[in-house]
There are 2 protein chains.
Amino acid sequence: MRMTPQRQLVLDAVRELEHATPEQICQQVQRTAPTVNITTVYRTLELLEKLSLVRHTHLGHGAPTYSVDEHEHVHLVCHRCGRVNEVPCSLLDGLSARLSADTGFRLDASHLALSGTCQVCVNEEENL
Amino acid sequence: MRMTPQRQLVLDAVRELEHATPEQICQQVQRTAPTVNITTVYRTLELLEKLSLVRHTHLGHGAPTYSVDEHEHVHLVCHRCGRVNEVPCSLLDGLSARLSADTGFRLDASHLALSGTCQVCVNEEENL
DNA sequence: ATAGCTGCAAACGGTTTGCCTCACA
DNA sequence: TGTGAGGCAAACCGTTTGCAGCTAT
């Protein structure tokens with residue numbers, strides 16, 4: 001494996017943007033290297049993921065978002081407004097232990113999105 | 001709104017199949033009404049969802065899966081083999097309360113997929 | 001010389017749109 | 001007779017593939 005300029009730029013972009021889609025990452029990379037193709041971005045993300053340098057999360061519909069691997073937290077996705085909040089993974093410790101004991105399922109807390117309604121939307125709904 | 005034959009068939013298919021993609025639902029419908037178009041399936045699913053008769057869940061990559069609304073449980077998606085296990089929503093009660101208290105986020109337990117590694121895959125990994 | 005990385009274009013899967021036709025209140 | 005439901009084809013977005021050219025060993 002060679003750390004080519006393109007790959008470095010993709011990794012930098014993931015680091016800077018946090019939760020960015022391949023499309024957004026590509027745009028960011030193209031600000032310094034306009035000829036970089038989105039195909040390269042996809043291939044690089046796949047590679048970086050195999051190397052455990054980045055990870056991706058499906059936040060519901062649309063494209064997945066990529067983050068650097070150290071970026072560990074749980075995503076709370078509001079299905080009403082689309083906002084994404086983050087909370088520490090430790091909130092899942094109890095559930096994780098429970099699942100493991102009951103079903104043997106090993107929860108991956110950082111690669112995770114929980115859906116529901118965020119506080120803002122809950123308030124808005126109550127004011128109707 | 002009119003409960004047309006097509007719409008009834010789509011609803012029946014969702015009920016029978018559980019966790020089916022629009023594509024699968026379409027195939028099921030076409031077994032009794034071969035001319036029904038996938039466009040109609042999409043439009044009907046959207047409609048049924050607005051009426052809270054069905055709901056959809058994103059189980060990771062690929063197409064979402066649809067279930068009838070009463071079908072309430074948490075999906076455990078194994079990111080190694082793709083298997084989907086189900087556990088009762090009550091397992092999330094603690095987390096739900098915690099999230100609500102800490103952040104005001106109202107968790108929708110039934111519209112939810114948790115990712116991780118299933119017991120089978122955990123065992124396989126340990127036997128390497 | 002060779003392996004492997006890149007760009008481009010084309011194919012792909014899943015979904016949405018526009019439009020025209022049809023059925024039904 | 002007018003509103004809305006369905007079918008079809010085309011557009012669409014996100015992603016993957018095949019291939020040809022280039023680059024660094």
Side-chain angles (χ1 to χ4, degrees), chain A residues 1-14 17 19-51 53-67 75 77 79 82 84 111 113, chain B residues 1-14 17 19-51 53-67 77 79 82 84 111 113 115:
Chain A
M1 207 282 286
R2 289 165 43 215
M3 198 54 172
T4 65
Q6 287 94 332
R7 290 176 176 173
Q8 187 61 55
L9 286 170
V10 169
L11 182 52
D12 290 349
V14 172
L17 297 177
H19 306 132
T21 63
E23 190 76 43
Q24 294 168 328
I25 291 165
C26 189
Q27 282 170 17
Q28 172 77 3
V29 168
Q30 287 178 341
R31 288 170 58 174
T32 51
T35 71
V36 171
N37 196 275
I38 189 147
T39 304
T40 302
V41 173
Y42 277 106
R43 285 196 276 235
T44 302
L45 288 172
E46 192 186 347
L47 176 71
L48 295 177
E49 192 148 25
K50 269 197 197 115
L51 298 174
L53 292 174
V54 308
R55 68 169 72 239
H56 78 270
T57 309
H58 294 272
L59 298 182
H61 357 24
T65 62
Y66 286 78
S67 306
H75 303 97
V77 185
H79 54 211
V84 179
H111 178 91
Chain B
M1 206 281 286
R2 288 165 44 212
M3 198 52 171
T4 65
Q6 288 92 333
R7 290 177 175 169
Q8 187 61 56
L9 286 170
V10 169
L11 182 53
D12 291 347
V14 172
L17 297 176
H19 307 131
T21 63
E23 189 77 41
Q24 294 168 328
I25 292 166
C26 190
Q27 282 171 18
Q28 172 77 4
V29 168
Q30 288 178 342
R31 288 171 57 174
T32 52
T35 69
V36 171
N37 197 274
I38 190 148
T39 305
T40 302
V41 173
Y42 277 107
R43 286 196 275 233
T44 302
L45 288 172
E46 192 187 348
L47 176 71
L48 295 176
E49 193 148 25
K50 269 196 196 117
L51 298 174
L53 292 174
V54 309
R55 67 170 71 240
H56 78 270
T57 310
H58 294 271
L59 297 181
H61 354 23
T65 62
Y66 286 78
S67 305
V77 185
H79 52 211
V84 179
H111 179 91
S115 67

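Protein chains get the first letters and strands the later ones, always in sequence-line order, with residue 1 at the start of each.
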From the options dT16(D), dG7(C), dT16(C), select the nucleotide whose nearest atom is closest to the side chain of Tyr42(B). dT16(C)

In whole angstroms, how far is the P atom of dT6(C) from the CD atom of Gln6(A)? 5 Å

Atom pair CG (Leu11(B)) and CG (Leu53(B)), whose distance is rounded to the nearest 0.5 Å: 6.0 Å

Checking all strands, does Arg7(A) fall into the base, sugar-phosphate, or nothing category for heavy-atom contacts under 4.0 angstrom? sugar-phosphate

Working to the nearest 0.5 Å, report the span between CG of Leu17(B) and OG1 of Thr65(B). 11.0 Å

Regarding Thr35(A), tell me which of base, sugar-phosphate or nothing describes its non-hydrogen contacts under 4.0 Å with the strands shown. sugar-phosphate

What contact category does Arg2(B) fall into here, base, sugar-phosphate, or nothing, at under 4.0 angstrom with non-hydrogen atoms? sugar-phosphate

In this structure, how many angstroms lie between the P atom of dG4(C) and the CD atom of Glu46(A), rounded? 16 Å

Report which part of the nucleic acid Thr39(B) touches: base, sugar-phosphate, or nothing (heavy-atom distance under 4.0 Å, all strands). base

Which part of the nucleic acid, if any, lies within contact of Pro64(B), taking any heavy atom under 4.0 Å across all strands shown: a base, the sugar-phosphate backbone alone, or nothing? sugar-phosphate

Between CG on residue Leu45(B) and OH on residue Tyr66(B), distance to nearest 0.5 Å: 5.0 Å

What's the CE-P distance between Met1(B) and dG4(D), to the nearest Å? 13 Å

Let me know the distance between CG of Leu47(B) and P of dG4(D), rounded to the nearest Å. 13 Å

Rounding to a whole Å, what distance do you find between Lys50(B):NZ and dA5(D):C1'? 14 Å

Kindly point out which of dC8(D), dT16(C), dT15(D) is positioned nearest to the side chain of Asn37(B)? dC8(D)

Distance from Gln6(A) atom CD to Arg43(A) atom CZ, nearest 0.5 Å? 10.5 Å

Find the distance Leu9(B):CG to dG7(D):P and express it as a whole number of Å. 10 Å

Distance from Gln24(A) atom CD to His19(A) atom NE2, nearest 0.5 Å? 11.5 Å

What is the distance from CZ of Arg43(A) to P of dC19(D), rounded to the nearest Å? 13 Å

